[in-house]
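Lettering of chains follows the sequences in order, A, B, ..., and the numbering in each one begins at 1. No hydrogens, no waters, no symmetry mates; every other heavy atom, side chains included, goes into these values.
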Amino acid sequence: MDAARTGGRFIVRIEDTDQARLVPGAVEAILSSLRWLGLDWDEGPDVGGPHAPYIQSERRELYQEAADRLVESGAAYLCDCSPVRLDEVRKRQEALKLPPGYDGHCRRRDPEELSAARRAGAAVVVRMKVPPAGEVTFVDLVRGKVRFSWATISDFVILKSDGFPTYHLAVVVDDHAMQISHVMRAEEWIASTPRHILIHENLGYTLPTMVHLPLLLAPDRSKLSKRHGATSVTEFRDEGCLPEALFNFLALMGWSPGDDREVMTREEIVEAFWLARIKDSPAIFDRQKLEWMNGVYIRKLAPRQLAERLAPFLERHQGGLPPAITPLDLDYLEKVVPLIQDRLKGLAEAAPLIDFMYVDEVSVKLEELVQKGVTAESASTALTRSMEILRGVEPFDHESLDRRFRALAEELGLKTGQLFGALRVAITGKVVAPPLFETMAILGRDRCVARVEKALDLMTRAAVQP
RNA sequence: GCCCCGGUCGUCUAGCGGUCCAGGACGUCAGCCCUUCAAGCUGAAGAUCACGGGUUCGAAUCCCGUCCGGGGCACCA
């Protein structure tokens, strides 16, 4: 959003330097999620650009060169400590209640010996030499001046034994190579920033503007993660969240335009966006508010648009409409949609609300047919008289049905709710359903007559064999 | 344990020394509307601005301490 507002470029870079954690298809999933959300990038692995390649595993030479340069200049050194030794060191530190960290063992060893070991194929990493004392300060656009003591940071790995860089090296090398002006990342990275500064300085690069964004927390106040059932963008999409609603909602987590606006278009958000207005405290993800906002966006859609967006959800196998209806008749759906538009918080909720409009018969429960305060006899009479209306009313539309049934209720001495309730159950098979007469009008005379007839039949049979 | 960053209604937030006995939104509750459920409208409850000290004529706003929460301390990002 900042890039969009300031006329900058948004670059997508794939940081895949951990070979052990490669997940097939993950990159595609991330890119498609971003795209679905409407976050279009100017440069990236799929669209290319002047700073290609955009995948770190394809830029390994750059990192290796940088690491070599740092070793040559004395800013970094080789280390062949085994995982076993590192583990022992850590345990010892723990026992002595010292802060964990590399003890600098190889820093004091003969570089020639280590580089010979590396040439011989030993597992050797490159570590940065962290100053033993003193402090670093940097300015974070959200937090202001931040200060760290070097003493709290130990010599960290920048190049792993498999030849891949760690995040720390890769990010610095690439940010420089790709002319990144603003590093915006989650607050969990703020403690790594001193390392990045150290690498920047020793490579002769200038530090980009640093911006650490507040974390999004789970309802239990811990970091949002898979462990806590964190939802991915994909899941929101599957639940029928509108991308424009999610975008709007997410933009408001940790940022506000400074006035009372909440429901905003993408353009309004981009125009109002300002890094300095980002909050510096973490926020808990409020699903209920997202659902409300999604409902707002759903209600704003034109019936045709909503029908089109609903179609994939209605046609799918799990949680969709009965399979016989596919492909969907969009013209019919467009007429149905206004009946449920106000009732939707997510697109996935539509199917159970309108499934009765897509089947030949609905199953009706006898006890639901007879409303509170109504006897079986008068319910039966009411439905019999209703049949007459359904057969004869002209035209078969919302207004005429409304007028005739209202008159019938009065004539029978029933409350409108009692009569309409019984009809609703007969027609839809549900106690809760969209407005009755609009529904009837769409269903058409024949289907309504058949359903009321069937309900009457059910009552009659129940009466003869009690 | 050490380091860093936070702390305004349950939640998201406005607030940048007086206009704030703190405003908006979600949620909750009540009423209206009403054929059910929603939506909509109206109203209500809900924050001693984490706590304690300063600074100041005046502090949610500035300073210090405490407490609480989170993050980080890997050949993970």
Val146(A) side-chain proximity, nearest of U13(B), C4(B), A77(B): C4(B)
First encountered from the 5' end of RNA chain B, between Cys79(A) and Ile190(A): Ile190(A)
Assigned partner base of G1(B), Watson-Crick or wobble definition, under 3.5 Å: C73(B)
Counter-base of C68(B), judged by Watson-Crick or G-U geometry with both distances under 3.5 Å: G6(B)
Distance in angstrom units between Met264(A) CE and G24(B) P, rounded: 19 Å
Nucleotide-resolved protein contact map, nucleotides 35-49 of chain B, B/S/- at heavy-atom distance under 4.0 Å: BBBBSS---------
Base-pairing assignment for G46(B) (Watson-Crick or G-U wobble, both under 3.5 Å): none
Rounded P spacing from G31(B) to U11(B) in Å: 27 Å
Closest nucleotide among C73(B), U13(B), A77(B) to the Arg21(A) side chain: A77(B)
Distance-only donor-acceptor check, side chains Asp162(A) and Gln19(A), under 3.5 Å: no
Enclosure of Lys415(A) NZ (heavy-atom neighbours >12, cutoff 6.0 Å): no
Ala283(A) vs Cys81(A), nearer the 5' end of RNA chain B by closest nucleotide: Ala283(A)
Donor/acceptor link under 3.5 angstrom from Thr152(A) side chain onto base of C2(B): no
Test item: side-chain donor near acceptor, Thr375(A) and Ser378(A), under 3.5 Å: yes
Sugar-phosphate, base or nothing in reach of Phe148(A), heavy atoms under 4.0 Å: sugar-phosphate
Touch class at under 4.0 angstrom, heavy-atom based, for Pro100(A) against every strand present: base
Counter-base of U11(B), judged by Watson-Crick or G-U geometry with both distances under 3.5 Å: A25(B)
Sugar-phosphate only, base, or nothing, as touched by Glu15(A) at under 4.0 Å among non-hydrogen atoms: sugar-phosphate
Watson-Crick or G-U wobble partner of C57(B), both distances under 3.5 Å: G18(B)
Rounded interatomic separation in angstrom, taking CD1 from Ile197(A) and C1' from C4(B): 13 Å
Residue Ile284(A), side-chain heavy atoms: nucleotide from C12(B), C5(B), C75(B) that is nearest: C12(B)
Any strand: nucleotide that pairs with G40(B) via Watson-Crick or wobble, under 3.5 Å: C32(B)
